[in-house]
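The structure appears right after this line, and notes come after that.
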Amino acid sequence: MYRRYRVPNMWREVDRLQREMNRLFETTYPARRRQAAGYPAVNLWSNENGVILTAEVPGVSPDDIDINVLGETVTLSGVRNIDELPETARYHRQERGYGAFTRSVQLPFNVDVNQVEANFKNGVLAVNLPRAEADKPRKIAVKTA
Amino acid sequence: MIDKSLEVQKQEIEATEDAERTRECMCFTPRADIYEVDDQLVIVMDVPGADEKAVDITLEKNVLTVNAYIEPVEVEGFGLAFAEYEVGDYQRSFKLSEDIDREKIQATIRDGLLRLYLPKATQAIVRKIDVKANNN
């Protein structure tokens with residue numbers, strides 16, 4: 001982003017003020033959910049062995065969803081198609097979006113790629129992303145000298 | 001047809017004037033497409049998480065109401081660490097026009113997509129009421 005630094009103090013002050021305001025609002029009204037960074041919105045369920053990612057993708061065929069895992073990053077991509085209609089069809093209302101989507105989520109650990117499993121049921125995708133064994137925390141015994 | 005890009009957020013339902021909800025969960029207005037093809041009206045609705053047992057469709061007078069009751073999602077052994085969407089019920093009503101054949105309405109559900117097929121009556125029943133001049 002282009003920003004003039006001739007008056008740096010003012011902009012820095014505005015940024016700081018904005019952060020401060022955001023923080024204030026978040027503590028007063030805890031955000032029930034965060035704004036999704038892209039389509040689809042995802043929820044992450046975690047425990048010590050890994051993460052389950054869920055996303056609502058109604059109307060997307062399971063064959064049209066690709067899940068890619070590379071190290072710590074999971075990428076969901078796919079396409080939602082619109083009903084193919086003859087020319088005589090007439091839309092009264094169209095509220096549902098369609099098209100291709102890609103969404104990447106970075107996890108705080110490396111994923112064991114071989115153990116990744118995905119489920120798709122009633123338009124809800126659930127991807128099980130187990131933590132790589134080598135990445136799991138190890139307990140270090142303290143020896144007495 | 002309008003080009004429409006994918007919408008990320010679900011719309012939370014607004015308080016209705018007739019009745020308030022009592023179920024302890026959120027409720028959303030599902031996004032819908034309505035199109036007319038081959039003498040029938042098709043309504044396509046996004047209801048992710050709903051299967052055929054969760055959906056309840058009623059027709060009262062000329063109002064078609066769709067309710068989808070979604071069980072709250074809990075993943076056993078896991079805690080919700082990060083959330084961008086919420087799970088809840090869906091409710092939406094449509095006012096049908098006179099020419100829809102009430103007896104032949106059908107609905108299917110697949111991949112979280114509910115489709116309602118509303119065929120038009122072969123002979124549209126139109127009741128016209130004559131206005132008489134009253135010159136007394």
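Predicted model only: the values in this text are computed from it and were never measured. For the numbers below, each heavy atom of this structure counts, side chains included, while hydrogens, waters and symmetry mates do not. Proteins come first, then strands; the chains are lettered A, B, ... in the order of their sequence lines, and each starts at number 1.
For L41(B), the part lying under 4.5 angstrom from a heavy atom of chain A is the side chain only. Proximity to chain A involves both the backbone and the side chain of V44(B), based on heavy atoms less than 4.5 angstrom apart. Within the 4.5 angstrom heavy-atom criterion, only backbone atoms of A100(A) (N, CA, C, O) approach chain B. Heavy atoms of E52(B) lying under 4.5 Å from chain A are absent altogether. Interface residue A32(B): backbone and side-chain heavy atoms are both found under 4.5 Å from chain A.
The cluster map of Ile, Leu, Val, Met, Phe, Trp and Tyr, joined by side-chain heavy atoms under 4.5 Å apart, puts V79(A) and L76(A) in different clusters. Both V42(B) and L85(A) belong to a common hydrophobic cluster when Ile, Leu, Val, Met, Phe, Trp and Tyr are linked at side-chain heavy-atom distances under 4.5 angstrom. Y69(B) and V87(B) are members of different hydrophobic clusters when ILVMFWY side chains are connected at heavy-atom separations under 4.5 Å.
With chain B as the partner, the residue from V42(A), V60(A), T88(A) showing the most heavy-atom pairs under 4.5 Å is V42(A). Interface summary for chain A: among V37(B), L80(B), L113(B), L114(B), the most heavy-atom pairs under 4.5 angstrom belong to L80(B). Ranked by non-hydrogen atom pairs under 4.5 Å with chain A, the options V73(B), I109(B), D38(B) are led by V73(B).
The 12-atom threshold is exceeded at NZ of K136(A), counting heavy atoms of other residues, nucleotides or ligands nearer than 6.0 Å. The number of heavy-atom neighbours closer than 6.0 Å to CZ of R110(B), taken from other residues, nucleotides and ligands shown, is 12 or below.
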Just list the side-chain donor-acceptor pairs under 3.5 Å for residues 47-58 of chain A, sequence neighbours left out, or say none.
from, atom 1, to, atom 2, distance (Å)
N47(A), OD1, N49(A), N, 2.9
N47(A), OD1, G50(A), N, 3.3
N47(A), ND2, G77(B), O, 3.1
T54(A), OG1, Y85(B), OH, 2.9
E56(A), OE1, K10(B), NZ, 2.9
E56(A), OE2, K10(B), NZ, 3.2

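At least one side-chain heavy atom of W45(A) sits under 4.5 Å from a side-chain heavy atom of E74(B). Side-chain contact check for I34(B) versus Y91(A): every heavy-atom pair is 4.5 Å or farther apart. For the pair R115(B)/D83(A), a side-chain contact is recorded, criterion being any heavy-atom separation below 4.5 Å from C-beta on.
Heavy-atom proximity under 4.5 angstrom to chain A picks out nothing from residues 56-66 of chain B.
Between the side chain of E84(B) and the main chain of N43(A), no donor-acceptor pair closer than 3.5 Å is present.
Between atom CG of residue D33(B) and atom CD1 of residue I82(A) there is a gap of 6.5 Å, rounded to the nearest 0.5 Å. Here the CZ atom belonging to R96(A) is positioned 10.0 Å from the CZ atom belonging to R31(B), to the nearest 0.5 angstrom. Put simply, OH on Y35(B) and CD on Q94(A) are 10.5 Å apart, with the number rounded to the nearest 0.5 Å.
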Check against side-chain contact (heavy atoms from CB on, under 4.5 Å), V105(A) and F82(B): CA-CA 11 Å; V105(A) 178; F82(B) 175 85; over 6 Å; no
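Using a cut-off of 4.0 Å between Lys/Arg side-chain N and Asp/Glu carboxylate O, D111(B) and R80(A) are scored as not salt-bridged.
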